[in-house]
There are 2 protein chains.
Amino acid sequence: MKYDRALAIEKATQLFWKLGFQATKMRDLQEELDMRPGSIYAAFGNKEALFKICLLNYAEQSRLALDKYAGLNSNPIKAIYDFIKNMAVKAEEGKINNCFLVKSISELDGNNAHLRQYAQDGLKDVESGFEALFLEAQEKGLIKQESNPARLAKWMQIQVMGLRSYGNSQDNASDVVIMLDEIFNSLKQAH
Amino acid sequence: MKYDRALAIEKATQLFWKLGFQATKMRDLQEELDMRPGSIYAAFGNKEALFKICLLNYAEQSRLALDKYAGLNSNPIKAIYDFIKNMAVKAEEGKINNCFLVKSISELDGNNAHLRQYAQDGLKDVESGFEALFLEAQEKGLIKQESNPARLAKWMQIQVMGLRSYGNSQDNASDVVIMLDEIFNSLKQAH
DNA sequence: TTACTTATTGAACAAGTGTTCAAGTTATTT
DNA sequence: AAATAACTTGAACACTTGTTCAATAAGTAA
């Protein structure tokens, strides 16, 4: 029976995400996807190509999710908050994990500039989404005119990366979730 | 001639830091340290033991640096700022890199809980240093009485991790350095 | 110098790695 | 049913990896 491509990508992503690109062995993938080496190579090319597919798919899903929350909320700041709360700073089995893109960039930093670029582009894409929403918020009078949407978007990325990185480093998820709210409070106060 | 242990650890750390634990091969280390496999194994045990030594050494150096800046500044907030500016959010060859401990935790997340713990402990140690300095700042009336030094220390770690992670993800070092100052400004304003 | 300890060398090894491909199986078309 | 195409299988291969160890060299003490 032919394999389920979407499911295979999903499972491969989970494994790459958890173990990293280099620590994930083809034999791990064979077991997880329940596919033999020949099938995997016929379907995806090779390990690096499969990883790239996972990276692009993850980035696309993230961007789609942001747009979803934007559509669900008339308040753009609330849209960003919901997106982050549900997609980014969220405990999985009591632990907050890093963004797959950020983790990949970190790992591939000194090794594979090629793969790294895809992850970088994905992050920039989400940042652009933030910027558009902050601009919309400004037009709606929700943040000050003197604030800079592009800069706020960068700041927001920094906050999310910080929270997730910290949550990943320590095992205290609840503190991090609280601090996310504090950060959003400071956003409303200062801008 | 006997090898220079401190220098070897320094060089190994740089390589591990740049490439990560798994991507750094023993043969890379042999070349970088200019030592043959037998010598490295006689001196450090094995790859994992050497990595652990690098991790602990890096953590110790970080903590010593924080104490150094604490001794140099009568203002504890300034001490933290100088430490971060000089040790953490600093462009190396135009690029801001991740903390060695944070990068290692991220990489070893799903693989090696044993090594991971050493990196985690090192981070907690720096956080404790921040907390002590924030407490001192509070006693000196530099931050509000209602502020919580322990929480501020966590927040500070989040900010540093966010800035470095973002600086590492994008290649724009100058923006990040500016945002560090903005973050310290917001600290003075709100607390 | 001689004897002894300590450190270095580099070829070799066993296990693990990503990947291939001829043979077999399942699906689709004629 | 027969022929063709599409997909799957798993043993095998070439290469890389961390690590070992007998032989050698360098340093130290008598």
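Within every chain, numbering begins at 1; the chains are lettered A, B, ... in the order of the sequence lines, protein sequences first and strands thereafter.
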#### Entry: More than 12 heavy atoms of other groups within 6.0 Å of Lys18(B) NZ
no
* Over 60° means perpendicular and under 30° means parallel, so classify the ring planes of His191(B) and Trp155(B), tilted if in between. => tilted
Scan the side chains in residues 90-102 of chain A for donor-acceptor partners under 3.5 Å anywhere in the protein, sequence neighbours excluded, and list what turns up.
unit_1: Asn97(A); atom_1: OD1; unit_2: Arg164(A); atom_2: NH2; d: 3.2

In whole angstroms, the gap separating P of dT26(C) from CZ of Arg36(A) amounts to 13 Å
From CZ of Arg5(B) across to C1' of dT6(C) the rounded distance in Å is 15 Å
In whole angstroms, the gap separating P of dC21(C) from CD1 of Ile40(A) amounts to 17 Å
Rounded to whole Å, OH of Tyr3(B) lies from P of dT6(C) at a distance of 14 Å
Each nucleotide of nucleotides 12-26 of chain D classed B (base within 4.0 Å of a protein heavy atom), S (only sugar-phosphate) or -, in 5' to 3' order, makes B----BBBBB-----
Whole-Å distance, Asp34(B) CG to dG10(C) P, equals 10 Å
When rounded to whole Å, the CG to C1' distance for the pair Leu19(A) and dG18(C) reads 16 Å
Met35(A) CE to dG10(D) C1', in whole Å, measures 14 Å
>> Just checking Glu31(B): does its CD atom have more than 12 heavy atoms from other residues, nucleotides or ligands closer to it than 6.0 angstrom?
In response: no
query: Which class fits the ring pair Trp17(A) and Tyr58(A): parallel under 30°, tilted 30 to 60°, perpendicular over 60°?
result: perpendicular
Only pairs under 3.5 Å count here: list side-chain donor-acceptor contacts from residues 125-133 of chain B, not counting sequence neighbours, and write none if there are none.
unit_1: Asp125(B); atom_1: OD1; unit_2: Arg63(B); atom_2: NH1; d: 3.3
unit_1: Glu127(B); atom_1: OE1; unit_2: Tyr166(A); atom_2: OH; d: 2.6
unit_1: Glu127(B); atom_1: OE1; unit_2: Lys124(B); atom_2: NZ; d: 3.4
unit_1: Glu127(B); atom_1: OE2; unit_2: Tyr166(A); atom_2: OH; d: 3.2
unit_1: Glu127(B); atom_1: OE2; unit_2: Lys124(B); atom_2: NZ; d: 3.1
unit_1: Ser128(B); atom_1: OG; unit_2: Lys124(B); atom_2: O; d: 3.0

